[in-house]
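Below you'll find the structure, written out as structure tokens, and then a few comments.
We count residues from 1, following the sequence as given. Note that the structure is predicted; figures quoted are calculated from it, not measured.
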Amino acid sequence: MSGRGPTRTMVIWVPDWPVAAAAVATGRSPEEPIAVLEKGKVLATSAAARREGVRRGQRARDAQSRCPELVVLKYDPVIDARAFDPVISCLEAITPGVQVIRPGMCALKARGPARFYGSEEAAAEKLLDRLETYDVHGGRIGIADGPFAAEQAARVSSAQTRVQVVPPGGSPEFLAPLSVDLLEQPALTDLLRRLGLRSLGAFAQLSGTEVLTRFGPDGAFAHRLARGRDDRPVTGREIPPELTRSLDFEPAVDRVDQVAFAVRAIADELIARLTELGLVCTTLRVEVGTESGRIHEREWLHPRWFTAADVVDRVRWQLQGSGTATSELTSPVVRIRLIPDQADPVGAHVDGLWGGGPDERIHRALSRVQSMLGHGAVVSVVIGGGRGFAERQTLVPWGDPPTPARSPDQPWPGAITAADPKRWPTLAPTMVFPEPIPAKVFAADGTQVSVSARGELSGVPTAFSLLSSPARGVQVADSNKIHPITAWAGPWLTSERWWDPGSESRQARFQFQTADTRAWLFTLHRAAWQAQATYD
């Protein structure tokens, strides 16, 4: 146990912060009846929603039954933290050493501000006034010995008494009547309640040695909090260097090439600053403010790291939208902001001593083609979920997150899998044809193989030929050439979308191996054979 006593701590709390952050992100007013949901339950509510009986922990249906006009928003921790960052910055402008406890709540040592402004109460009022100037209303402050008691003091304050000060040494008496649920240890508090210890004061009267023996280290830590002996230090965050770069246009600019030319200066400045700090940017957020008042925001990833030219390309692509080649903008641009969301040490991305890094020539070639033809012109394949291989592949632009269109974790009845892993391993094809190639599959007597509704074959597949189809844009160099089949597996019968007569499909799938060791994926649909993919 540390011999250091509790430090006078000031906790700043903004009630209903998740509601305020979500409301601003969606363009709503925090005065509306709003509930923020996490995992199907209410995480936070606005004051208007609470007046209608909506409470934290309720399910969405129960909350909406109490307040039919309730606005339900999904909790996003990224938006929550991002919206709170400017609040921390505004507090750090008048007092350093602010520690973020969670979005909406922060702490700092009370001694420094109290000495500078004359008293703890005066310092607290100064901080609340600072928040008001940044349109953060309803803030409250608790001051006590240690972060835990200071947080509870902030929570018991009111809109009229915004500052609650617990005198030095008075934390045990202040905490004594409060509920043990404030310890935020459900297993421990449930056991304490069954033992009849419902308040922090009753829990604090137990012997520290007995608590450690019975409840372990977590119980002993909670016991110290209940006794007002919270000796956790308040450690201010390290203020990161300012890397965001902004460019304002006066008058507004309505051409993509003009914006891209102007952005080059701040892109060079951003990359130069990162180089000075020994950093490289791998994730860049671009915000485009238009004359109409809208802000178009997008996050860009890079396979390696951004150069100034890469930054300019991303801004141009974002202005063009979906890789189009238009030069006129729908609304003139008034502001551009470049925000490096992820900056890593340069040492984490350099090539190894013996050349273990990514192939720079390939990356430069693809990036060059992408800069000439547009963002969506160079794509890579990401394997996701689905039935057939054509459904499973998602084409992702070079540099974007490799996110499939369908989740691969979900069960996909009828998906192509290995019937016998030892003989037919589950491997993705080396080539999935954009358009299936028409084909014929022959039995030993030269007749075409067919499959009955029960999966019975009319003959053993011994050879196949591929056919050209100019109407469908399919050209085969060796059309009608006979390919002997050395091994085969199937059929696997599937019935897809049987509930929709317009898109219903019954297919039989086969795998064929030819003498050149290539493997093929074939389907038989309505007596028509098609080659879907190949394995090399």
Side-chain angles (χ1 to χ4, degrees), residues 10-94 98 100-107 124-142 151-164 182 287 289-297 335 337:
M10 184 181 298
V11 169
I12 305 169
W13 175 46
V14 182
D16 306 330
W17 177 258
V19 174
V24 171
T26 55
R28 297 183 175 275
S29 171
E31 303 300 325
E32 300 180 37
I34 298 175
V36 178
L37 300 186
E38 184 182 30
K39 298 180 179 179
K41 293 186 178 181
V42 176
L43 174 67
T45 65
S46 62
R50 285 195 295 273
R51 287 194 294 268
E52 298 295 330
V54 180
R55 294 292 182 266
R56 182 176 181 177
Q58 290 178 342
R59 294 191 177 276
R61 183 175 298 178
D62 295 337
Q64 290 175 324
S65 66
R66 296 174 181 269
C67 181
E69 64 274 13
L70 183 69
V71 178
V72 176
L73 301 177
K74 184 179 180 181
Y75 176 66
D76 189 337
V78 176
I79 293 178
D80 207 23
R82 184 181 297 170
F84 194 60
D85 190 68
V87 178
I88 300 299
S89 300
C90 85
L91 294 175
E92 290 173 336
I94 61 174
V98 179
V100 180
I101 299 176
R102 65 179 68 91
M105 181 177 292
C106 57
E125 292 292 344
K126 182 67 176 178
L127 291 173
L128 291 176
D129 292 341
R130 180 73 175 180
L131 292 178
E132 294 285 345
T133 61
Y134 276 77
D135 292 331
V136 180
H137 304 285
R140 303 176 187 178
I141 292 181
E151 177 180 345
Q152 307 314 318
R155 291 186 180 278
V156 301
S157 60
S158 62
Q160 293 73 28
T161 307
R162 301 189 302 171
V163 179
Q164 180 72 31
L182 299 175
E287 294 181 359
T290 61
E291 198 173 41
S292 63
R294 295 188 60 186
I295 297 179
H296 303 271
E297 178 181 346
R335 192 180 193 191
R337 294 185 71 215

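Separation of atoms OH (Tyr134) and CG (Asp129) is listed at 13.5 Å; rounding is to 0.5 Å. Distance check, rounded to the nearest 0.5 Å: CD of Gln58 to SG of Cys67 gives 10.5 Å. One finds the CD atom of Glu92 at 11.0 Å from the CZ atom of Arg130 (value rounded to the nearest 0.5 Å). Taking CD of Glu151 as the start and CE of Met105 as the end, the distance is 4.0 Å to the nearest 0.5 Å. Lys126 NZ to Leu128 CG: the interatomic distance, rounded to the nearest 0.5 Å, is 11.5 Å.
When all heavy atoms are compared, the tightest approach of Ile34 to Ala49 is O-CB, 3.7 Å. Heavy-atom minimum distance, Ala83 versus Ala21: CB-CB, 3.9 Å. When every heavy atom of Pro103 is checked against every heavy atom of Phe84, the shortest pair comes out as CA-CD2, 3.8 Å. Among all heavy-atom pairs drawn from Asp16 and Ala47, the shortest one is OD2-N, 4.2 Å. Scanning both residues, Gly139 and Pro15, for their nearest heavy atoms gives CA-CD, 4.4 Å. Residues Pro30 and Ala20 approach most closely at CG-CA, 4.4 Å, considering heavy atoms.
The shortest distance between side-chain heavy atoms of Met10 and Leu127 falls below 4.5 Å. Counting heavy atoms from C-beta outward, Val54 and Pro33 have side chains that stay 4.5 Å or more apart. Contact annotation: the side chain of Ile88 approaches that of Val100 to within less than 4.5 Å [non-hydrogen atoms, C-beta and beyond]. A 4.5 Å side-chain heavy-atom check between Cys90 and Leu131 finds at least one atom pair inside the cut-off. Two residues are said to be in side-chain contact when any heavy atoms from C-beta on lie closer than 4.5 Å; Glu125 and Val163 meet this criterion. Inter-residue side-chain proximity for Leu70 and Glu32 is flagged as unmet; no heavy-atom pair is nearer than 4.5 Å.
Around the CD atom of Glu69, the shell of radius 6.0 Å holds more than 12 heavy atoms that belong to other residues, nucleotides or ligands.
At a threshold of 4.0 Å, the pair Glu38-Arg56 does not count as salt-bridged, since none of the basic side-chain nitrogens sits closer than that to a carboxylate oxygen. Remark: Arg102 does not engage Asp80 in a salt bridge, criterion side-chain N to carboxylate O under 4.0 Å. Under the 4.0 Å criterion applied to side-chain N and carboxylate O atoms, Glu132 and Arg162 are assigned as salt-bridge partners.
When Arg337, Arg82, Arg335 are each tested for a salt bridge (charged side-chain N to carboxylate O under 4.0 Å, His left out) with Glu297, only one passes: Arg82. Leu73 pairs in a side-chain contact (heavy atoms from CB on, under 4.5 Å) with only one of the listed residues (Ile79, Thr26, Leu37, Leu43), which is Thr26.
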*asked:* Set out, in order, the CA-CA distance, both residues' side-chain angles and the distance that settles side chain to side chain contact (heavy atoms under 4.5 Å, CB included) for Glu52 and Arg66, then state yes or no.
replied: CA-CA 6 Å; Glu52 298 295 330; Arg66 296 174 181 269; 5.6 Å; no

_Derivation and outcome, side chain to side chain contact (heavy atoms under 4.5 Å, CB included), residues Ile101 and Trp13_ = CA-CA 10 Å; Ile101 299 176; Trp13 175 46; over 6 Å; no

_Run the salt bridge (Lys or Arg N to Asp or Glu O under 4.0 Å) test on Arg294 and Glu287 for me, step by step, so that the C-alpha distance in whole Å, both residues' side-chain angles and the decisive distance to 0.1 Å come before the verdict._
CA-CA 10 Å; Arg294 295 188 60 186; Glu287 294 181 359; over 6 Å; no

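Under the 3.5 Å distance criterion, the side-chain polar atoms of Arg50 are matched with a main-chain donor or acceptor of Thr45.
Annotation: side-chain contact (heavy atoms from CB on, under 4.5 Å) contacts of Ser157 (sequence neighbours excluded): Arg140, Gln164.
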